Amino acid sequence: DWRAECVARLEAAGLQVRWAADDPPHGQVLPARVQVQCTRVLREAVSNVIRHSGATLCAVRLAWQDGGLLLEVTDDGRGMSCAGEPARRQGHGLAGIEGRIRGLEGWHRFEDAPGGGARVAAWVPLEMPSANIDAA
């Protein structure tokens, strides 16, 4: 359960959490590979907020849009370039997110959030089950 894990970790670190998740479209099931990789992306994004952001608030949003799943983690901390050093150079986490999302043929963005803080967004394409499967 993504919500339980993310909220528990963020609250244990003393952050306020906003969680927003759309219900999946009827019949939509995440393929196991997509679920595993998205779990790892969320874990890394949340870890980055906890370790590097200096934030007091973290918002996590999951949305079904454009035939895929959007994962978005936003905080009110220092932003992507804290203390003049790009966040990408501090570790391998963002490169890992990038590789996972690219492997699922999706897109990702690492950017400063509007109003301050950082935003990690990733979208992965999903296929709806074929109508012929239901008829069988």
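Side chains are part of it too, since the values below use all heavy atoms of this structure and drop only hydrogens, waters and symmetry mates. The structure displayed is predicted, hence computed values, not measured ones.
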Provide the closest heavy-atom pair for Leu94 versus Phe110 in the form atom of the first, atom of the second, distance. O-CZ, 3.4 Å
Given the rule in the side chain to side chain contact (heavy atoms under 4.5 Å, CB included) test, do Asn48 and Val120 qualify, once you have shown the distances and angles that lead to the verdict? CA-CA 10 Å; Asn48 285 344; Val120 173; 5.6 Å; no
Assess whether side chain to side chain contact (heavy atoms under 4.5 Å, CB included) is satisfied between Cys38 and Leu71, documenting all intermediate values. CA-CA 8 Å; Cys38 287; Leu71 310 170; 3.8 Å; yes
Please check this pair: side chain of Arg61 against backbone of Trp19, looking for a donor-acceptor N/O pair closer than 3.5 Å. no
Using a 6.0 Å cut-off, check whether atom CD of Gln65 has over 12 heavy atoms from anything other than its own residue. yes
Between Arg9 and Arg43, what is the shortest heavy-atom contact and its length? NH1-O, 3.3 Å
Path from Leu30 to Leu104 over hydrophobic side-chain contacts below 4.5 Å: yes
Heavy-atom pair of closest approach, residues Asp23 and Trp64: O-CD1, 3.3 Å
Looking at Asp75 and Ala118, would you say the former's side chain and the latter's main chain have a donor-acceptor pair under 3.5 Å? yes
Residue pair Glu11, Leu15: steps toward the side chain to side chain contact (heavy atoms under 4.5 Å, CB included) verdict: CA-CA 5 Å; Glu11 287 180 345; Leu15 281 95; over 6 Å; no
N/O donor-acceptor pair under 3.5 Å between Asp112 side chain and Gly79 backbone: no
Tell me the closest heavy-atom pair linking Trp123 and Leu70, and the distance in Å. CD1-N, 4.1 Å
How far does CZ of Arg119 sit from CZ of Arg109, to the nearest 0.5 angstrom? 7.0 Å
Are Val46 and Val17 connected, step by step, through hydrophobic side chains (Ile, Leu, Val, Met, Phe, Trp, Tyr) whose heavy atoms are closer than 4.5 Å? yes
Could you state the interatomic distance from CZ (Arg40) to CD (Glu44), rounded to the nearest 0.5 Å? 12.0 Å
To the nearest 0.5 angstrom, please state how far the OG1 atom of Thr39 sits from the CZ atom of Arg100. 10.0 Å
Side-chain heavy-atom pair Leu126, Gln28 within 4.5 angstrom cut-off: yes
Linking I/L/V/M/F/W/Y whenever their side-chain heavy atoms sit closer than 4.5 Å, directly or via other members, would Trp2 and Ile101 fall into one cluster? yes
Checking Thr74 against Cys58 for the side chain to side chain contact (heavy atoms under 4.5 Å, CB included) test, could you report, in this order, the C-alpha distance in whole Å, the side-chain angles of both residues, the deciding distance, and whether it holds? CA-CA 6 Å; Thr74 307; Cys58 179; over 6 Å; no
Where is the tightest heavy-atom contact between Leu62 and Leu69, given as atom of each residue plus distance? CB-CD1, 4.5 Å
Ignoring hydrogens, what is the shortest heavy-atom contact between His52 and Arg78? Give both atom names and the distance. O-NH2, 2.9 Å
Under a 4.0 Å N-O cut-off, is there an ion pair linking Glu98 with Arg102? yes
